[in-house]
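Computed from heavy atoms alone, side chains included, the values below leave out hydrogens, waters and symmetry copies. Residue numbers start from 1 in every chain, and the chains themselves are labelled A, B, ... in the order their sequence lines are given, proteins ahead of strands.
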2 protein chains.
Amino acid sequence: MRDDPTQSDQTDGEVARYPQTGRFLMGRGRTRMTPEERRVLEDTAMAVKDYPARHHLVRRGEPVDSSMMLIEGYVTRYMDDREGYRQLVSVHVPGDFVDLHGFPTGRLDHDIGTLGPVKVALFDHQALVGITERHPTLTRFLWFATLIDAAMHREWIFRLGRLGAEGRLAHLFCELYARLEMVGLAQDGQFDLPLTQPDLAEACGLTGVHVNRTLRTLRERGLLTFKNGRVEILDHRGLCTTAEFNSDYLYSDCGVWKTS
Amino acid sequence: MRDDPTQSDQTDGEVARYPQTGRFLMGRGRTRMTPEERRVLEDTAMAVKDYPARHHLVRRGEPVDSSMMLIEGYVTRYMDDREGYRQLVSVHVPGDFVDLHGFPTGRLDHDIGTLGPVKVALFDHQALVGITERHPTLTRFLWFATLIDAAMHREWIFRLGRLGAEGRLAHLFCELYARLEMVGLAQDGQFDLPLTQPDLAEACGLTGVHVNRTLRTLRERGLLTFKNGRVEILDHRGLCTTAEFNSDYLYSDCGVWKTS
DNA sequence: CGGAGGTTTGAGAGGCGTCAACCTCCGTGG
DNA sequence: CCACGGAGGTTGACGCCTCTCAAACCTCCG
């Protein structure tokens, strides 16, 4: 559990010092934030809340006056089509400032819900206005965080537009592993992912049935297994190739997945 | 040419006063920017440059120290897959701050190129730092602008994940009409669009051949025509239905396309 | 023990891709 | 003035990937 001294210790120490925001931008230039900026951000968090699995957090269109940073668990953002079929537009991991974009926009154009049980920290928008007035550098870090989301959106567009079923699933697993690894929540190609096969289908523009067949193919090719909410990557080189995955878009500064 | 007094006059007056940035956030809360903020932004523009059609503007990965606002013409952002097939991730119209996201991030995760001939205004990142230090409200407007791009990305994910060929093309045309109409560059369901059928295919995750067949279907259904870079929407209600289009995500404050 | 949700597998249909041919348009150059 | 070439548009034949519909099975849990 503590075999990896450098990464895990660094992660744990930071999370101990900043229990609510310790994973924010970790692996992406968090180290370039000053201790004061980290402290200001941590102290801006208002309340910590827990929510159960499969719980609605924000509905499309409703005005928002606070934003959530994810501390533990997984959250997804999604949109429904006319017949009620979902399309996930993002999956969030601890350290993500899930709906910070609601601060400049004032409302959201999509729904937000939990996957597994989660813990989030709330940030009042009034307090964020204070940050933009007194801490321009920290403001640019926050802005940057919302732009990483945009970069991931672009990659999802690429995935849906240009890859087949195998590539789409492989790409999703590559992305999640890279992101979880950055915040110290994945090691040795393994990580938890509280998704069902229909959930994966909604993320990849496929049907549950076809996801099932495609997962079998990936398993038979020796690339990965996915069972009971646990992902085990067996051949990450091969998985990256199938996914046409290049982690540049994650703006990581410690990437082990630089597979240009 | 000047049949629409309200919209066109408003547009023209604003563009006369702010020749480089007059269309920025037009139809999206530009009116909530103070005259001083508009002036500061206009005066921050360094140089105006012209580029020919089908010209590379920025390459993936290279460091950037300035950003472009589009004044005239069309620009696209795109990514290439392993075999060189493109996926467009956005199409930009005048008033768009095309690569403002390069300011907080310092580099881009995709390529940018012109479609037709364009005119752009350059903004030095050093000058933008100055804005974040002295104009927090204007900073939030700039941030907001980058988040509209993210909202459009999400809608593109939905389009590719959940719609068939007809819906994808219809959705793209709905979006472009709504955006061009906001900045005074589309009326009566008509607008210019310097794209080929293969270009549309790259935007919609289809092949050129299938785009051709699908355009014919849309034409036969009496929804729209697309010929020689000119779009004519014949039945926008029907087009919106086919596209499952709802313009909320464009954050317009004057939308005629509110088709919940 | 029974039911619900998720997983797995099969059979058949359809949407979109691939390959190929031919067309028009238009700029270039002999 | 006409020949030529290239890019984009159009249409047809065929095949594959993915969807749809269906049923069986499995596991968890009340």
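In this entry the distance linking CZ of A/F226 with P of C/dT7 reads 7 Å, nearest Å. As a whole-Å value, the separation of B/D199 CG from D/dG9 C1' is 13 Å. What separates CZ of B/R162 from C1' of C/dG15 is a distance of 16 Å, to the nearest Å. To the nearest angstrom, P of D/dG8 lies 15 Å from CG of B/L193. When rounded to the nearest whole Å, the span between CD of B/E220 and P of D/dT10 equals 12 Å. For B/L215 and D/dT10, the CG to P distance is 8 Å, given to the nearest whole Å. Between the CG atom of B/L160 and the P atom of C/dC16 there is a distance of 12 Å, rounded to whole Å.
Note: A/H153 and B/H153 have perpendicular aromatic rings, judged against thresholds of 30 and 60 degrees for the angle between ring planes. Ring pair A/Y177/A/F191 is tilted by interplanar angle, where 30° to 60° counts as tilted.
For the OP1/OP2 pair of D/dT10 and a distance below 4.0 Å, the side-chain nitrogens and oxygens of B/Q197 include at least one atom meeting the criterion. Put simply, A/N212 has a side-chain N or O that comes within less than 4.0 Å of OP1 or OP2 on C/dT8.
Residue-to-nucleotide proximity on DNA chain D shows that, of A/L163 and B/L195, the 5′-proximal contact is made by B/L195.
Screening B/D99, B/D96, B/D149 for a salt bridge (Lys or Arg N to Asp or Glu O under 4.0 Å) with B/R77, the sole residue that qualifies is B/D149.
Side chains of A/E202 and A/Y85: a donor-acceptor N/O pair is absent below 3.5 angstrom, by distance only. With 3.5 Å as the limit, one finds no donor-acceptor pair spanning the side chains of A/D192 and A/Y74.
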Under 3.5 Å, which protein N or O atoms sit close to an N or O of nucleotides 19-22 of chain D? Give each pair with its distance.
from, atom 1, to, atom 2, distance (Å)
D/dC19, OP1, A/T207, N, 3.4
D/dC19, OP2, A/T207, N, 3.4
D/dC19, OP2, A/T207, OG1, 3.1
D/dT20, O4, A/R213, NH2, 3.3

What N/O pairs connect the protein and nucleotides 28-30 of chain D at under 3.5 Å? Give each pair on its own line.
none

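Minimum interatomic distance between A/L193 and A/F226 (heavy atoms only, all atoms of both residues): O-CE1, 3.9 Å.
Backbone-only contact: A/G164 has heavy atoms under 4.0 Å from sugar-phosphate atoms and none from a base.
At most 12 non-hydrogen atoms from other residues, nucleotides or ligands lie less than 6.0 angstrom from CZ of A/R59.
Note on the helix from C/dC1-D/dG30 to C/dG30-D/dC1: terminal axis deviation equals 30°, with five pairs used at each end and the result rounded to 10°.
Using a 4.5 Å cut-off on side-chain heavy atoms (C-beta onward), A/Q190 and A/T225 make no contact.
Distance check, rounded to the nearest 0.5 Å: CG of B/L250 to CD of B/E181 gives 11.0 Å.
With hydrogens and angles disregarded, no donor-acceptor distance shorter than 3.5 Å links the side chain of B/T242 to the backbone of B/G167.
A salt bridge links A/D50 with A/K119: the closest approach of a Lys/Arg side-chain nitrogen to an acidic carboxylate oxygen falls below 4.0 angstrom.
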